[in-house]
Protein chains: 2
Amino acid sequence: MSHGWETIRADVLRRIQAREWGPGATIPSEEALSREFGCARATVGRALRDLAATGVLERRRKAGTRVALQPVRRATLEIPVIRQEVEGRGQTYAYRLLADVMEQPPLPVLLRLRLPAGVALRHLTCLHSAVGQPFVYEDRWLNPAVLGGQRPDFAAQSANEWLVANMPYTAGDIAFSAAGAGADDAAAFGIDPGTPLFIVERTTWTADTVITCVRLAYMPGYRLRMTL
Amino acid sequence: MSHGWETIRADVLRRIQAREWGPGATIPSEEALSREFGCARATVGRALRDLAATGVLERRRKAGTRVALQPVRRATLEIPVIRQEVEGRGQTYAYRLLADVMEQPPLPVLLRLRLPAGVALRHLTCLHSAVGQPFVYEDRWLNPAVLGGQRPDFAAQSANEWLVANMPYTAGDIAFSAAGAGADDAAAFGIDPGTPLFIVERTTWTADTVITCVRLAYMPGYRLRMTL
DNA sequence: TACGCAAATATGTCTGCACATAATCCTGCC
DNA sequence: GGCAGGATTATGTGCAGACATATTTGCGTA
């Protein structure tokens, strides 16, 4: 009857979609299902665990497995390096460093990085282009301590790429918003101040040290797409 | 030594972060690791599979398991019903239906829904408020066929909530962008046209039928946050 | 009635084993 | 040297059984 746990997952999902098991209903136990499908309990468990991970099912010991009442839509967003995003669309990518200075960051940045006042950080601004057109204007604050003696050439390699290669597997958070172009943004893109721009702000850190805090302003009209 | 596959996952991750196994390096086989950890191969497999799912490892049969060279950042975004998003912050939620008519959608909507020209859809506009302030202005096109004889009262229950309850587990895509407030948006929020707004556009369908296509305009200053 | 403890139960995890599958590696032939 | 095809090998999946753990349920008692 079945070739594999994916078949079982598909069948369970089908029954849910067909309302055979309605929202909130408790579905049969792993044991019962394994008898029905003629396979081991572990195999059913694998299928149900996967559906629970995507939010379709909710499982609790002893209480059993039930169809989620308000299925939370979960979407996984893959955040590529900007170079890859551009080249993945078959366009030519270019990068230019605009500024690289040590200075004290403004208060909001300090708060987000949980740093005391008076600390100086490396402040980088740069421009990513696709097909010669400005694509993303980047404004980054970097903790110089993470360089650890190395002196990467941020004019040649973007800080983002250096970080993925040298400080990978970090924790962080990310926020999306819309904002009117500031003076810097307007100059970078050659547009009027106030033009709506899509903004991404990221903060990353390891267990003990803050690494970087970056604001990315995307070209007017940019859309970030993902699949549910 | 080990209490469970999560311990093993943590230890493997630690070694990767400590550069014991650098980016691109092939790590020992499941067999070797299971001997080292003193557990069954399946247990190691579970840990490595999980790390592969989060993008830290790349696995291929026969080739073995290697540390991802360019670890793709994956973030999982949970998309809540707007009511839950507001109430989850301890704020009072209110909903008001502004319009509900049958009409022919504009071309971009038809294209996204892959419908032929001339089809009429149900066009709903409504406003979600938090603490009495406009929070989201919603502009939705709904395929009337999915109602299937039911006549939900969209003045009392938002179309979104009706859909999660009655047409759950659908496929779809979602896009984020920034746009200047149009006339409708400006009227809904009481702001100047052109004010930058955060826009979410969603299209959902089942295997065979298109369900709905919605544009959500969030209040000025809204930030969508997620954790890496 | 209310409360607390014990039994029952469904999921969570682990073990050991087996076979399937996909790549790579290597050998031998041309 | 180059190529085809088989041997090798690491992961992918499955099975059966066992024990761990979290809850619920129900029973007995205050």
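Naming convention: chains lettered A, B, ... in sequence-line order (proteins, then strands); numbering from 1 in each chain. Note: hydrogens, waters and symmetry copies are ignored here, and every other heavy atom, side chains too, is used. Small disclaimer: the values here were computed from a predicted structure and weren't measured.
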Query raised in the report: Any side-chain N or O of B:T65 less than 4.0 Å from the OP1 or OP2 oxygen of D:dT11?
Result: yes
**Report entry** Side chain of A:K62 (C-beta onward), nearest among D:dT11, D:dT23, C:dC25
**Finding:** D:dT23
Report task. Write down the distance between CD (B:E31) and C1' (D:dT8), rounded to a whole number of angstrom. Result -> 14 Å
**Report entry** Minimum-distance nucleotide to A:R59 side chain [options: C:dC14, C:dG12, C:dT24]
**Finding:** C:dG12
Query raised in the report: Between A:R61 (CZ) and D:dC19 (P), how many Å, whole number?
Result: 17 Å
Query raised in the report: Counting side-chain heavy atoms from CB outward, which of C:dA10, D:dT24, D:dT11 is closest to A:S29?
Result: C:dA10
Requested in this report: Give a yes/no on whether any side-chain N or O of B:T43 is located under 4.0 angstrom from OP1 or OP2 of C:dT15.
Outcome: yes
Report task. Mind calculating the distance between CD (A:E30) and P (D:dA16) to the nearest angstrom? Result -> 15 Å
Report task. Starting at atom CG of B:L48, determine the distance to atom C1' of D:dT13, rounded to an integer number of angstrom. Result -> 16 Å
Query raised in the report: Separation of A:R9 atom CZ from D:dT13 atom P, in whole Å?
Result: 10 Å
Report summary line: B:R35 CZ to C:dT15 C1', in whole Å, measures 16 Å
Query raised in the report: Hey, which of these two, B:A42 or B:I27, hits DNA chain D nearer its 5' end, going by closest nucleotide?
Result: B:I27
Report summary line: Only residue of A:V109, A:T212, A:L124 satisfying side chain to side chain contact (heavy atoms under 4.5 Å, CB included) with A:W141 is A:V109
Requested in this report: Take atom CG of A:D50 and atom C1' of D:dT13, then tell me their distance rounded to the nearest Å.
Outcome: 14 Å
Query - Of A:A63 and A:R49, the one whose closest DNA chain C nucleotide lies more 5' - result: A:A63
Query raised in the report: Just by distance, do the side chain of B:D139 and the backbone of B:R215 share a donor-acceptor pair under 3.5 Å?
Result: no
**Report entry** Electrostatic pair A:R46:A:E30 at N-O distance under 4.0 angstrom
**Finding:** no
Requested in this report: Return the 5'-most residue of the pair A:R41, A:R60 with respect to DNA chain D, ranking by each residue's nearest nucleotide.
Outcome: A:R41
Query raised in the report: Separation of B:E6 atom CD from D:dA20 atom C1', in whole Å?
Result: 14 Å
Requested in this report: Indicate, with a heavy-atom threshold strictly under 4.0 Å, whether A:R46 touches base, sugar-phosphate, or nothing.
Outcome: sugar-phosphate
Query raised in the report: Distance-only, no hydrogens or angles: does the B:S129 side chain make a donor-acceptor pair with backbone N or O of B:G132 under 3.5 Å?
Result: no
Query - Closest non-hydrogen atom pair, B:P134 against B:M219 - result: O-CB, 3.8 Å
